[in-house]
Amino acid sequence: MFKKILLANDGSEASIHAARMAINLSRIHGAALTAVYVVDPYPFIGIGEVNPVGFDAYMAAARQSAVQAHLQVLDLAKSLNHTGPLDELTVEDASATEGIVQTARDVGADLIVMGSHGRSGVVRLLMGSVAQKVSTQSPVPVLLCK
């Protein structure tokens with residue numbers, strides 16, 4: 001049924017749970033699996049003069065977080081005896097929602113699997129939910145894992 005599965009990965013516990021689900025679905029369906037990590041845009045762009053040292057430090061830390069998140073998925077795939085194709089992508093210069101949805105289009109995914117952090121109340125109203133935004137903007141089904 002599924003041929004290309006996109007795993008949205010941010011390295012969180014919810015993402016690891018989603019990774020387990022995506023890896024198992026990939027194995028069951030013989031689907032290719034792509035894990036994407038979206039680097040949050042530098043938060044201080046547009047607020048005064050940008051400090052290039054601060055920007056470089058932020059991007060270095062973000063890229064290291066991406067590497068760690070990808071390694072977690074690779075280790076999990078190995079422990080679950082996943083033998084199919086598994087690619088890792090890191091997206092920069094996009095919001096999490098835009099990066100996930102565009103990557104799904106770019107790789108031709110027919111399913112997005114992602115964790116839900118379960119925010120509620122005022123926090124959800126103020127911050128919004130990436131999972132909710134992806135599910136409404138995605139051209140393909142989205143499986144949210146708690």
Side-chain angles (χ1 to χ4, degrees), residues 1-47 50 52 54-120 123-146:
M1 180 174 179
F2 299 115
K3 294 183 180 178
K4 293 184 180 179
I5 298 172
L6 179 69
L7 167 66
N9 178 24
D10 66 3
S12 67
E13 277 299 314
S15 285
I16 295 305
H17 180 68
R20 184 179 311 279
M21 182 71 70
I23 291 164
N24 286 329
L25 284 170
S26 173
R27 191 173 58 234
I28 290 166
H29 293 277
L33 180 60
T34 300
V36 63
Y37 183 100
V38 180
V39 173
D40 288 324
Y42 186 62
F44 303 111
I45 297 285
I47 303 175
V50 173
F55 176 78
D56 291 343
Y58 175 83
M59 291 306 294
R63 289 177 182 133
Q64 183 58 38
S65 293
V67 167
Q68 292 303 315
H70 287 315
L71 286 174
Q72 285 180 309
V73 172
L74 290 172
D75 288 345
L76 181 60
K78 184 177 178 180
S79 75
L80 294 173
N81 298 315
H82 182 269
T83 58
L86 173 54
D87 295 321
E88 309 97 41
L89 298 173
T90 301
V91 174
E92 298 177 8
D93 299 325
S95 71
T97 301
E98 293 167 349
I100 293 165
V101 171
Q102 188 57 51
T103 301
R105 286 186 179 106
D106 292 347
V107 302
D110 46 20
L111 175 68
I112 298 173
V113 179
M114 63 187 299
S116 170
H117 292 286
R119 291 187 181 106
S120 62
V123 174
R124 184 171 181 190
L125 289 173
L126 292 175
M127 296 178 64
S129 165
V130 172
Q132 180 183 19
K133 290 175 187 174
V134 168
S135 67
T136 59
Q137 294 179 24
S138 174
V140 298
V142 178
L143 175 60
L144 299 178
C145 303
K146 286 189 174 190

- Task: Start with the C-alpha gap between Lys78 and Leu74, add the side-chain angles, then the distance that decides, and say whether side chain to side chain contact (heavy atoms under 4.5 Å, CB included) holds.
- Result: CA-CA 6 Å; Lys78 184 177 178 180; Leu74 290 172; over 6 Å; no
- Item | Test log, rule side chain to side chain contact (heavy atoms under 4.5 Å, CB included), inputs Leu71 and Gln68 | CA-CA 5 Å; Leu71 286 174; Gln68 292 303 315; 4.2 Å; yes
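Put simply, the side chain of Phe2 does not reach to within 4.5 Å of the side chain of Leu33, judged on heavy atoms. Counting only heavy atoms from C-beta outward, the side chains of Arg63 and Thr90 never approach each other to under 4.5 Å.
If you take CD on Gln137 and CD1 on Ile100, they are separated by 10.5 Å, rounding to the nearest 0.5 Å. To the nearest 0.5 Å, atoms CE (Met114) and CG (Leu143) are separated by 10.5 Å. The structure places OG1 of Thr103 at 11.0 Å from CD of Glu98, a figure rounded to the nearest 0.5 Å. Taken to the nearest 0.5 Å, the CD1 atom of Ile23 stands 7.0 Å off from the OG atom of Ser79. The line from CG of Asp87 to OG1 of Thr34 is 4.5 Å long, rounded to the nearest 0.5 Å. Note that CG of Leu7 and CD of Glu88 are 10.5 Å apart. Values are rounded to the nearest 0.5 Å.
What you find for Ala109 and Val140 is that their closest heavy atoms are O-CG1, 3.2 Å. Considering every non-hydrogen atom in both Pro139 and Val101, the closest pair reads CD-CG1, 4.0 Å. In terms of heavy-atom proximity, His29 sits nearest to Met1 at ND1-N, 3.4 Å. The shortest heavy-atom contact between Asp10 and Ala69 is C-CB, 4.3 Å. Between Ile112 and Ala104, the shortest heavy-atom distance links the atoms CD1-CB, 3.7 Å. Nearest heavy atom pair, residue Val113 against residue Ala18, reads CG1-O, 3.5 Å.
In terms of modelled atom types and a separation under 3.5 Å, the side chain of His70 and the main chain of Leu89 share a donor-acceptor contact. In terms of modelled atom types and a separation under 3.5 Å, the side chain of Ser138 and the main chain of Pro141 share no donor-acceptor contact. Side-chain atoms of Asp110 come within 3.5 Å of backbone N or O of Lys4 as a donor-acceptor pair. No side-chain donor-acceptor contact under 3.5 Å links Ser135 to the backbone of Val142. Ser26 places a side-chain N or O within 3.5 Å of a backbone atom of Ala31 that can act as its donor or acceptor partner.
Heavy atoms from other residues, nucleotides or ligands lying under 6.0 Å from CZ of Arg27 number more than 12.
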